[in-house]
Amino acid sequence: MTQTNETTQERVQAYIKDLFLPPDEVLDDFEREAEAAGLPAIQVPPELGKLLNLLVRLTGARRVLEIGTLGGYSAAWMARALPSDGQLVSLEKSTKHAAFARSFLERAGVANKVEILVGSALETLPILLEREGPNFDMVFIDADKQSYPAYLDWSLRLVRPGGLIVGDNVIKGGGVIDPGDDPVLKGAAEFNQHAAASPLLDALILPNRGGQEGVLLAVVKQQTD
Ligand code: SAH
Ligand code: MG
C-alpha cells in the first residue's frame, strides 16, 4: 500500500468517526479498562459496533445471540439497540472474560438485557437450542475461527426464517482466498463457502479495515423467498 493511500484511508476513517461516533462515556473507556484487566484487544472497532447496533434495529430483533463475548464491548452496542423487553444471549468460554463483561455491561446500563453463558460454545449451543428452539432474530459470530463452520450450522438451527447471521473476521488479510493448512484460515474460508452455497441463505461479505478484514452478512431465507 502506498503512503498516499494509507493517509487517505486514515483520513476517511477519522471523517466517519467524527461524524457518526460521538464520544461515549462508557464505550470509550472499554479499551483502557480491558487492557488494564489483561484482556486481548480484539473487540470490534467502534464503527463495526455501530453497524451491529443498526442491524439489530433494522431486523427489529428482540432476541440476539452472540458467540464470543470477550469483555462485552460488541454486546453493549447490540444490547443498547434492543427494546426494553429484548434479550441478548452471549456465549463465552473464559470465566475471566465473562466476569469482566458482566461488570462492563452493568456500567453500560444493559446488564438486565444480557445473559452470558460460560462454557465452550459447542457445548452451550445444544443447551440453548433445547431451551429456546429457533427463536433468535440475529446471531453475531465472533469466537474461534476453527469452529466457524459449526457455528454456522448451529445458527441455522437457532435463527428464525427472515433472521440475520453476521460473522466477523472472515477475510483475515486475504488469507481466506488461499487458506492452505492453517486451521484458522480454513475455518473462515469454509464458513464463507458454506454461507455462499447454502440454499437457506442469501449472503455477502462487507470488507472493512481498508479491505484487510470483512464481515459476512447472511439472511435466512423465508419459504416465500
Ligand atoms: N465479540 C467481542 C470479541 C470476541 S473475541 C467484541 O467484539 O467485543 C473472541 C472471544 O471468543 C474471546 O473472549 C474468547 O475467549 C472466546 N472464545 C474462543 N473460543 C471459544 C469457544 N470455543 N467457545 C466460547 N467462546 C470462545
Ligand atoms: Mg472480531
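This structure is a prediction, so every number in the text was calculated from the model and none was measured. Start at 1 and go down the list; that is how both ligands and their atoms are numbered.
- Here the N, O or S atom of D142 that is nearest to the Mg ion (ligand 2) is OD1.
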Put together the list of close N/O pairs, under 3.5 Å, between ligand 1 and the protein, could you?
unit_1   : atom_1 : unit_2 : atom_2 : d
ligand 1 : 1 (N)  : G68    : O      : 2.8
ligand 1 : 1 (N)  : S74    : OG     : 2.8
ligand 1 : 1 (N)  : D142   : OD2    : 2.8
ligand 1 : 7 (O)  : V44    : N      : 2.9
ligand 1 : 7 (O)  : S74    : OG     : 3.2
ligand 1 : 7 (O)  : D142   : OD2    : 3.4
ligand 1 : 8 (O)  : S74    : N      : 3.1
ligand 1 : 8 (O)  : S74    : OG     : 3.2
ligand 1 : 13 (O) : L70    : N      : 3.4
ligand 1 : 13 (O) : E92    : OE1    : 2.7
ligand 1 : 13 (O) : E92    : OE2    : 3.3
ligand 1 : 13 (O) : H97    : ND1    : 2.8
ligand 1 : 15 (O) : E92    : OE2    : 2.6
ligand 1 : 15 (O) : H97    : ND1    : 3.3
ligand 1 : 19 (N) : D144   : OD1    : 3.2
ligand 1 : 22 (N) : D144   : OD1    : 3.3
ligand 1 : 22 (N) : Y151   : OH     : 3.4
ligand 1 : 23 (N) : A121   : N      : 2.8
ligand 1 : 25 (N) : K93    : N      : 3.2

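- Residue contact annotation: N169 places an N/O/S atom under 2.8 Å from the Mg ion (ligand 2).
- Of all N, O or S atoms in D168, the one lying closest to the Mg ion (ligand 2) is OD2.
- Looking at residues two or more places apart in sequence or on another chain, you find a side-chain contact (heavy atoms from CB on, under 4.5 Å) between P45 and E47, L48, R209.
- Between S90 and E66, the shortest heavy-atom distance links the atoms OG-OE1, 2.7 Å.
- Taken to the nearest 0.5 Å, the CD atom of Q146 stands 10.0 Å off from the CG atom of L185.
- A heavy-atom distance below 4.5 Å is found between the side chains of K172 and E213.
- Among residues two or more places apart in sequence or in another chain, the side-chain hydrogen bond (donor to acceptor under 3.5 Å, both in side chains) test is passed with D18 by none.
- Within 6.0 Å of CD in E31 there are 12 or fewer heavy atoms belonging to other residues, nucleotides or ligands.
- The side-chain hydrogen bond (donor to acceptor under 3.5 Å, both in side chains) search around D144 returns S147, Y151, not counting sequence neighbours.
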